[in-house]
Amino acid sequence: MKKYLAVLLVAVLAVPAFAASDDPIGACIYKYDDTFMTNVRRAMIAEAEKTDQDLDVVDSQNRQPLQNDQVDTHISKGVKALIINPVDRTAAEPIMNKAKAEDLPIVFINREPYAEVMQAYDKIWYVGAKAEESGTQSGQIIVDYFKKNPKADRNGDGKIQYIMIRGEQGHQDAVLRTEYSTQAMRLGGFEIVELGSDTANWDKVQATDKMKGFISAVGIDNIEAVLANNDDMALGAIEALKAEGYNLGDPAKYIPVVGVDATAPALEAMSKGEMLGTVLNDADNQGYAAVRIAAVASEGKPVTEESIHYVITDGKYVWIPYRPVTAENYKEFMK
Ligand code: BGC
Ligand code: CA
């Protein structure tokens, strides 16, 4: 008996302190039923496979209390790092505190914790994209279209009458895309008139409903552009336009619609001439970067541009650039 115990002790003591461990990285995605986050999740899985990491990822089903429990479960299973896409960005603080109590590296993605939370722990990172950029780029696509196509100003008053379909309330991408896309139209030299604006929670079906409501409230003849905070909602709005005989190929019955993400269905809609443009929200690089940070940090190594191969700002933020996607270049983004 004693002999076995001794062997066991030696085996335990022999584990080197900083070796890459076989423990998993624990991840939570706010909900699997989200087109963009599904792409990010696929990229995370691909990067984990490529680098031989065990990634344990779960669906938080759009419920913050469930996600909090999932974080506890990950921790009790002994994960070496966490990657969290919060359901509610204001819930990042208690989750950060759980990680901090265990000295576990934690990477937030897609829903940015407030700055105070980011400053309260030295093993916290954020991977995302600057929403301002996507707002500006989508507004610019509308500006370019109106400059090239004077008839897009259907009532000839020199102003752009538009509908805004917003993402989830409080999400930084919804707030900033709305603000910066309208600003880009103004800076582009247009007076703008908002005919309607509402949230459709990033969701295609909700966007169709909202757009139908706007069409009956203001009349389809008066709408000159639709800006949506993401592609799913842009596609939802297009469904409502198609139901009115619009965006089906007749140039006299076309309303330019822009989204954000450059998802496969949006690129497909662009190829059919149903959708004017979008902005690449680079799911692949966001997913890869998150897994690299988790892996490097869990080995106790410094997270730097050299170790993760992404530019890192203030030691904590990885910002993946957006890119405008138009009729000229959309094919490049089709996989
Ligand atoms: C994407 C949306 C997505 C949301 C989820 C945004 O960055 O553009 O498509 O629904 O993130 O948080
Ligand atoms: Ca007009």
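Quantities reported herein were computed from a predicted structural model and do not represent experimental measurements. Read the numbers this way: they start at 1 and go in the same order the structure lists the ligands and their atoms.
A 6.0 Å sphere centred on CG of Asn97 holds more than 12 heavy atoms belonging to other residues, nucleotides or ligands. For Lys242, the NZ atom counts as densely surrounded, since its 6.0 Å shell holds more than 12 non-hydrogen atoms of other residues, nucleotides or ligands. Applying the 6.0 Å contact sphere to CZ of Arg42 captures no more than 12 heavy atoms from other residues, nucleotides or ligands.
Just one of Lys77, Lys98, Gln67 meets the side chain to side chain donor-acceptor pair (under 3.5 Å) condition when paired with Asp72; it is Lys98.
Of all the atoms in ligand 1, the ones that sit under 4.0 Å from a non-hydrogen atom of Arg177 are 1 (C), 6 (C), 7 (O), 8 (O). Numbered from 1 in the order shown, with element, the atoms of ligand 1 that lie under 4.0 Å from a heavy atom of Asn281 read 1 (C), 7 (O), 8 (O).
Minimum interatomic distance between Ser134 and Ala131 (heavy atoms only, all atoms of both residues): OG-O, 2.7 Å. Residues Ala200 and Lys210 come closest through the heavy atom pair CB-CG, 4.4 Å.
Comparing Asp173, Val87, Asn39, Thr35 by heavy-atom distance to atom 6 (C) of ligand 1, the nearest is Asp173.
Among protein heavy atoms, atom 12 (O) of ligand 1 sits closest to Asn110 OD1, 2.5 Å. In this structure, the protein non-hydrogen atom closest to atom 1 (C) of ligand 1 is Asp261 OD1, 3.4 Å.
Under a 4.0 angstrom heavy-atom cut-off, Asp34 registers as being in contact with ligand 1.
Checking only distances, Trp202 never comes within under 3.5 Å of ligand 1, N or O to N or O. By the 3.5 Å distance cut-off applied to N or O atoms, Asn85 is not counted among the residues near ligand 1.
No hydrogens or angles considered: nothing links the side chains of Tyr254 and Asp250 as a donor-acceptor pair under 3.5 Å.
Aromatic rings from Trp202 and Phe36 are positioned such that their centres are separated by 6.0 Å or more.
The O atom of Lys159 and the OE1 atom of Gln161 subtend an angle of 90° at the Ca ion (ligand 2), given to the nearest 10 degrees. The OE1 atom of Glu224, the Ca ion (ligand 2) and the OD1 atom of Asp157 define an angle of 160° (nearest 10 degrees).
Summary: OD1 is the N/O/S atom of Asp153 found nearest to the Ca ion (ligand 2).
Counting heavy atoms under 4.0 Å from ligand 1, residue Glu168 does not touch it at all.
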